[in-house]
Structure formats: structure tokens, C-alpha cells
Amino acid sequence: QVQVVESGGGLVQPGGALNLSCVASGIPFRILRMGWYRQAPGKQRDLVAMMTTEGMVNYKDDRFTISIDNAKNTVYLQMNNLNTEDTAVYYCNVAAPRYSSSGQLEPHEYWGQGTQVTVSS
């Protein structure tokens, strides 16, 4: 059974920091990349940061640092100097192939349930 579980969200004051974690388990094939998206109320889900398991990164904001522990299938997001605009639900995204219903190996993305980050004084 595939599970993608985020943790580390919460309430933080402006200027504060949080470290999010996401553990993926039960993924049947090698994970290619892991990352984070966020969705604020009334807005679309946007990329925050993405990292391949070979170490290539794609950031949207240099206040954030992404890292992966390949041995643990875990991705982290260190977020510093948070502001109220960072308030959102943060979702973990895991890219790995899987078999389709027709038996073809195809790209696939797994998602976690999300963790709430609220920045408020």
C-alpha cells in the first residue's frame, strides 16, 4: 500500500521557520523526484520546490531549502523567514513510475494529504 505522509506544519509567527517532512512508503518502483507544492485558499496549487533523487533542484523561493534522504524515501523542506503569504496547505509530491491498467509502465505522481502551515501574529 502506497503512503505519502507529511508532517511538520503548524502555526508560526512572521519571520519564523518551519521544517516539513514527507515520508513515502510502498512505492513499487524507484522514486525519481520528490517535492513540495502549496495551495492557499481560493488559489491554485503551486510548486514550492522539487528535487530529483540525483540531487538536481528546482526552487521557487530562496528562503526555502529542500533535501532528500534517499535511504529513507523522505523529503524535507526547511522554510525560513516566513510571512503571511506563505500560509497554505503544503502537499508532498512523489514521482515514480507505475503500471497502468493496461500493463504499461507509465510516469505517475503520488500526493500526500497535505499539512497546514499558518503564518500569523
Side-chain angles (χ1 to χ4, degrees):
Q1 180 181 359
V2 173
Q3 288 189 314
V4 178
V5 181
E6 305 101 334
S7 61
L11 174 64
V12 63
Q13 292 185 342
L18 282 175
N19 189 27
L20 305 183
S21 300
C22 169
V23 181
S25 60
I27 307 288
F29 290 95
R30 187 175 74 90
I31 293 174
L32 301 178
R33 64 181 187 274
M34 302 179 77
W36 296 91
Y37 286 72
R38 70 184 183 186
Q39 187 168 20
K43 296 187 177 181
Q44 66 181 17
R45 189 174 296 188
D46 290 328
L47 174 68
V48 176
M50 186 67 64
M51 186 172 188
T52 72
T53 50
E54 296 180 350
M56 296 182 63
V57 300
N58 179 13
Y59 287 109
K60 290 295 185 180
D61 193 320
D62 60 8
R63 296 175 296 139
F64 300 161
T65 302
I66 189 171
S67 60
I68 289 180
D69 185 334
N70 289 319
K72 296 180 179 179
N73 284 347
T74 300
V75 61
Y76 305 94
L77 184 69
Q78 176 65 42
M79 304 188 293
N80 298 323
N81 194 22
L82 290 162
N83 60 58
T84 56
E85 294 182 347
D86 297 315
T87 295
V89 178
Y90 285 69
Y91 295 92
C92 181
N93 174 276
V94 179
R98 72 169 186 178
Y99 282 116
S100 69
S101 57
S102 61
Q104 300 294 317
L105 197 61
E106 62 180 10
H108 186 70
E109 296 185 4
Y110 301 88
W111 292 89
Q113 292 299 307
T115 185
Q116 177 70 47
V117 171
T118 302
V119 184
S120 174
S121 55

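- The minimum heavy-atom distance between F29 and P97, with the atom names listed, is CD1-O, 3.3 Å.
- To the nearest 0.5 Å, the span separating CZ on R98 from OH on Y110 amounts to 6.0 Å.
- Interatomic distance, CE of M50 versus CG of L32, reported as 11.0 Å (0.5 Å rounding).
- Here the straight-line distance linking atom OG1 of T115 with atom CG of L77 works out to 11.0 Å at 0.5 Å rounding.
- Distance alone, capped at 3.5 Å, places no donor-acceptor pair between the Q113 side chain and the V5 backbone.
- Under a 3.5 Å cut-off, the side chain of Y76 and the backbone N or O of T65 do not form any donor-acceptor pair.
- Taking OG from S120 and CG from N83, the interatomic distance works out to 12.0 Å, rounded to the nearest 0.5 Å.
- When hydrophobic clusters are built by joining Ile, Leu, Val, Met, Phe, Trp and Tyr residues whose side-chain heavy atoms come closer than 4.5 Å, directly or via intermediates, V12 is grouped together with W36.
- At a cut-off of 3.5 Å, with distance as the only test, a side-chain donor of S102 or S100 sits close to an acceptor on the other residue.
- Across I68 and M51, no two heavy atoms sit closer than the pair CD1-O, 3.4 Å.
- A pairwise comparison of heavy atoms in V2 and G26 identifies CG2-O, 3.3 Å as the closest pair.
- For the pair N70 (side chain) and T53 (backbone), a donor-acceptor distance under 3.5 Å is present.
- Using a 4.5 Å heavy-atom threshold, the side chains of L82 and F64 count as touching.
- For the pair M56 and N58, the minimum side-chain heavy-atom distance is 4.5 Å or more.
- Checking side-chain atoms of T87 against main-chain N and O of V119 turns up a donor-acceptor pair under 3.5 Å.
- Residue-environment remark: CD (E54) stays at or below the threshold of 12 foreign heavy atoms within 6.0 Å.
- In this structure, the separation between CG on L47 and OH on Y37 is 5.0 Å, given to the nearest 0.5 Å.
- Taking each heavy atom of G9 and V117 in turn, the nearest pair found is CA-CG2, 4.2 Å.
- A donor-acceptor pair under 3.5 Å links the side-chain atoms of E6 to the main chain of G114, judged by distance alone.
- Shortest non-hydrogen contact noted between V4 and C22 is CG1-SG, 3.5 Å.
- Of the candidates D86, D61, D46, R38 forms a salt bridge (charged side-chain N to carboxylate O under 4.0 Å, His left out) with just one, namely D86.
- Residues W111 and I27 fall into different hydrophobic clusters, defined by Ile, Leu, Val, Met, Phe, Trp and Tyr side chains chained together at heavy-atom separations under 4.5 Å.
- When all heavy atoms of P14 and T84 are compared, the closest pair comes out as CG-CG2, 4.4 Å.
- Using a 4.5 Å cut-off between side-chain heavy atoms of Ile, Leu, Val, Met, Phe, Trp and Tyr, with links allowed through other members, V23 and I31 fall into different hydrophobic clusters.
- In the hydrophobic clustering of ILVMFWY residues, with side-chain heavy atoms under 4.5 Å counting as a link, L20 and M34 come out together.
- The cluster map of Ile, Leu, Val, Met, Phe, Trp and Tyr, joined by side-chain heavy atoms under 4.5 Å apart, puts Y90 and Y59 in the same cluster.
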